[in-house]
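As the structure is a prediction and not an experimental result, all values here were calculated from the model. Throughout, protein chains are lettered first and strands after them, A, B, ... in sequence-line order, and every chain is numbered starting at 1.
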2 protein chains.
Amino acid sequence: MNRKITLKQIAKELDVSISTVSKALKDSPEISDDTKQKIQAFAKLYNYKPNNIALSLKNRKTNTIGIIIPEIVHHFFSKVIRGVELVANQRGYNVIIGLSNESFSKEVINMEMLANGSIDGFIISISKETQQLQDYHHLTATINQGMPIVMFDRVVSEIECDKVIVNDFNGAKNAVEKLIENGCKSIALITTKDYVSVGKLRTQGYIDALSEHNLTLESNLMLKMDDTLDYEEHLDLLESEITQLFKSNQKIDGVFAVNELYALSAMKVARKLGLSVPEDLQVIGFTDGVLSKHATPGLTTVSQHAQQMGEKAAHLLIDKLESENTDQEEEYQTVVITTDLVERESTK
Amino acid sequence: MNRKITLKQIAKELDVSISTVSKALKDSPEISDDTKQKIQAFAKLYNYKPNNIALSLKNRKTNTIGIIIPEIVHHFFSKVIRGVELVANQRGYNVIIGLSNESFSKEVINMEMLANGSIDGFIISISKETQQLQDYHHLTATINQGMPIVMFDRVVSEIECDKVIVNDFNGAKNAVEKLIENGCKSIALITTKDYVSVGKLRTQGYIDALSEHNLTLESNLMLKMDDTLDYEEHLDLLESEITQLFKSNQKIDGVFAVNELYALSAMKVARKLGLSVPEDLQVIGFTDGVLSKHATPGLTTVSQHAQQMGEKAAHLLIDKLESENTDQEEEYQTVVITTDLVERESTK
DNA sequence: TTGTACGCGTTATCAT
DNA sequence: ATGATAACGCGTACAA
């Protein structure tokens with residue numbers, strides 16, 4: 001068991017001072033070639049590596065970024081993490097994760113835990129509960145401590161910081177316009193309750209698309225699901241509500257859903273009711289998931305480019321961290337990632 | 001901008017010594033109630049929290065565990081992470097992630113980066129490339145440094161450490177036996193090349209099940225895919241190979257696949273060839289993914305309980321970390337998580 | 001050319 | 001009851 005070796009131990013072993021060792025290891029011209037060689041050889045032999053914690057303490061910089069997300073078992077978020085990790089690694093940073101599990105208190109606790117020196121900055125997408133409570137004191141507190149934050153996807157206008165979002169409004173609008181172009185006359189919307197920021201924007205895109213094409217907005221074509229239930233419960237309720245929706249509005253020939261699960265459920269219910277997709281009913285979902293690709297028929301989706309969002313968020317954060325010498329110019333930017341419509345078999 | 005306050009600053013502000021502040025904040029009986037109150041109130045006001053990095057340095061303990069995985073955009077691994085994070089948080093630890101992206105060198109670099117003081121121990125599932133190269137020096141080096149490792153899923157017998165695995169052999173065997181019970185006479189296997197440890201074990205389970213039930217093992221019913229290609233390429237090749245398999249062996253009435261993608265592809269190809277599942281062909285896949293549940297028909301699977309694996313791995317690691325006072329009794333355990341057969345519509 | 005001293009923030013031990 | 005000091009591991013300004 002060869003515990004990690006320290007400068008001190010090398011110094012003692014070679015009978016020189018600690019600073020001599022330190023300098024020798026970074027090839028300082030102050031040290032004679034002789035001793036340099038001796039020390040470097042010894043260090044190599046014992047595989048010396050400086051201790052990160054000591055460096056962090058000394059430099060007041062951990063080279064670690066924290067990412068706080070509501071859920072990790074979710075394609076969108078895991079892709080974002082991949083993007084963050086990719087860029088972080090390239091630029092010499094580590095990534096530490098905190099899961100809020102959609103809970104406000106876990107989000108707060110997690111952030112406080114990490115903010116006490118463990119990391120240099122946050123990348124965060126807030127929990128549903130936080131969005132409902134509209135309590136952002138933990139975010140402002142963190143920012144006030146001089147720790148930069150980058151928010152992504154679920155973003156809050158009250159907080160001043162860098163943000164990375166998707167053009168939810170336009171993405172949704174384009175999707176609905178696609179349905180209209182494809183001949184749909186009666187398009188249903190399946191969305192979440194309004195407090196979820198992204199759901200709201202996508203709903204607005206749907207509304208605008210309809211009105212711009214002179215289609216009347218019918219409130220009974222808009223299904224708003226409560227997504228605070230657990231998965232199974234949610235799924236059951238979802239299917240019964242969609243069944244209800246289709247049965248009481250037989251003219252429906254298009255569906256726009258704000259996420260993958262809703263879109264898939266719509267297709268499933270359609271099949272049960274004997275409607276064929278895309279002939280009788282065309283479906284588009286907003287998502288970056290795997291299910292769409294493997295569904296039958298393949299689901300046409302609005303792709304969110306999650307990994308790209310993660311990459312951009314990481315760049316923004318690290319840029320801020322590494323320019324923090326020149327403070328005062330508190331210029332925050334909001335980067336909008338453009339969505340793409342990925343056409344599969346659920347549309348004509 | 002209220003930067004984080006330190007003991008030193010409090011001491012200066014209240015005109016006492018640093019150690020007085022430190023003691024007062026932990027309610028030491030050495031300090032008079034008067035000063036304690038004063039100091040505690042002040043600390044509360046400025047929201048004092050001890051700096052984690054300083055504590056880590058002093059205690060030589062970071063209370064952080066590192067998890068190294070090949071890929072995060074994968075249901076199995078993200079569920080494992082969720083399990084690890086859950087337990088880690090409960091027990092006062094943070095989690096830092098490193099992605100190897102199935103590359104040996106990235107795995108090594110990541111581990112070295114974290115091993116220099118950033119974390120107390122590792123939870124790891126090694127990359128395919130590492131399995132191929134059979135180079136485990138980074139693992140032994142880490143262990144020799146006194147840093148505990150827990151391996152999960154993709155495990156190596158040459159390395160002595162705690163391990164968490166799934167009963168790949170039995171899970172596969174049970175699945176194939178299920179097919180046999182359901183009347184299948186000619187069961188195909190879709191698996192990976194042999195160097196992937198889990199694929200090997202599952203293949204062995206298939207072989208044993210057949211031989212125990214006196215079914216002859218036919219090598220042309222065993223399709224071994226090379227999974228080092230990229231996703232799209234892999235998928236295309238997969239489908240053509242499966243098509244080939246089905247066409248040249250028309251008697252096939254059952255398929256056991258070592259992962260979700262292979263099973264789904266089998267169903268897809270079957271549909272194209274006009275075979276109906278489960279009437280003409282029954283399919284079971286080894287997986288913990290989302291696709292199975294939402295496939296049509298729903299795919300019967302061998303569930304791996306990924307989250308439970310993560311939880312167990314975290315407990316093992318933390319147990320070891322917190323008992324390390326009493327060394328010498330180097331007792332390592334291998335925990336086997338039992339798989340379940342989740343029956344859906346792809347079997348009778 | 002090498003070594004000493006200090007500081008990063010904290011706690012524990014040992015004075016006063 | 002309070003304070004000074006050392007130590008965790010490192011780097012660097014300054015002294016020898």
| Quick one: do E311(A) and R82(A) make a salt bridge, cutoff under 4.0 Å? | no
| Positions of residues 21-31 of chain B (non-hydrogen atom under 4.0 Å from DNA chain C), listed by number | S22(B), K23(B), K26(B)
| message | Quick one, S100(A) and P70(A) - any side-chain contact, counting heavy atoms below 4.5 Å? | response | yes
| Spacing of K36(A) atom NZ relative to dT2(C) atom C1', expressed in whole Å | 13 Å
| Do NZ/NE/NH1/NH2 and the carboxylate oxygens of D319(A) and R91(A) come within less than 4.0 Å? | yes
| Distance test, side-chain N/O of S17(B) to OP1/OP2 of dG3(D), below 4.0 Å | yes
| request: Calculate the interatomic distance between L14(B) atom CG and dG3(D) atom P; express it in whole Å. | output: 11 Å
| query | Is S19(A) near enough to dG3(C) that one of its side-chain N or O atoms lies under 4.0 angstrom from OP1 or OP2? | reply | no
| message | Quick check for you: to the nearest 0.5 Å, what is the distance between I97(B) atom CD1 and I65(B) atom CD1? | response | 12.5 Å
| So, is R60(B) near the phosphate of dA7(D), with a side-chain N or O under 4.0 Å from OP1 or OP2? | no
| message | Over all strands shown, is T6(A) touching base, sugar-phosphate only, or nothing at heavy-atom distances under 4.0 angstrom? | response | sugar-phosphate
| query | Is there a donor-acceptor contact under 3.5 Å from the side chain of N51(A) to the main chain of G117(B)? | reply | no
| request: Residues of residues 37-59 of chain A with any non-hydrogen atom less than 4.0 angstrom from an atom of DNA chain C: list those, numerically ordered, please. | output: L57(A), K58(A)
| Salt-bridge criterion met for R154(A) and E102(A) (N-O under 4.0 Å) | yes
| request: Assess whether atom CD of E160(A) is packed by more than 12 heavy atoms of other residues, nucleotides or ligands within 6.0 Å. | output: no
| request: Would you kindly give the CG-to-C1' distance between N116(A) and dT10(C), to the nearest whole Å? | output: 13 Å
| Donor-acceptor contact present, side-chain S125(A) to main-chain I69(A), <3.5 Å | no
| message | For the helix from dT1(C)-dA16(D) to dT16(C)-dA1(D), what angle separates the axis at the start from the axis at the finish, each from five pairs, in steps of 10°? | response | 70°
| query | Expressed in angstrom and rounded to an integer, what is the separation of L7(A) atom CG from dG11(D) atom C1'? | reply | 9 Å
| query | What's the CG-P distance between N63(B) and dT10(C), to the nearest Å? | reply | 16 Å
| For Q90(B), does the CD atom sit with more than 12 other heavy atoms under 6.0 Å from it, leaving out its own atoms? | yes
| Below 4.0 Å: OP1/OP2 of dC8(D) and any side-chain N or O of K8(A) | yes
| Can a salt bridge be assigned to the pair E85(A) and K106(B) using a cut-off of 4.0 Å between side-chain N and carboxylate O? | yes
| Under 4.0 Å between a side-chain N or O of T35(A) and OP1 or OP2 of dT2(C)? | yes
| request: With rounding to the nearest 0.5 Å, note down the distance linking CZ in F122(A) to CD1 in I67(A). | output: 11.5 Å
| request: Give the rounded distance in Å between these two atoms: NZ of K61(A) and P of dG9(C). | output: 16 Å
| task | Give the ring-plane orientation class for F77(B) versus F152(B), where under 30° counts as parallel, over 60° as perpendicular and anything between as tilted. | result | perpendicular
| request: Measure the distance from CG on D33(A) to P on dT1(C) and round it to the nearest whole Å. | output: 8 Å
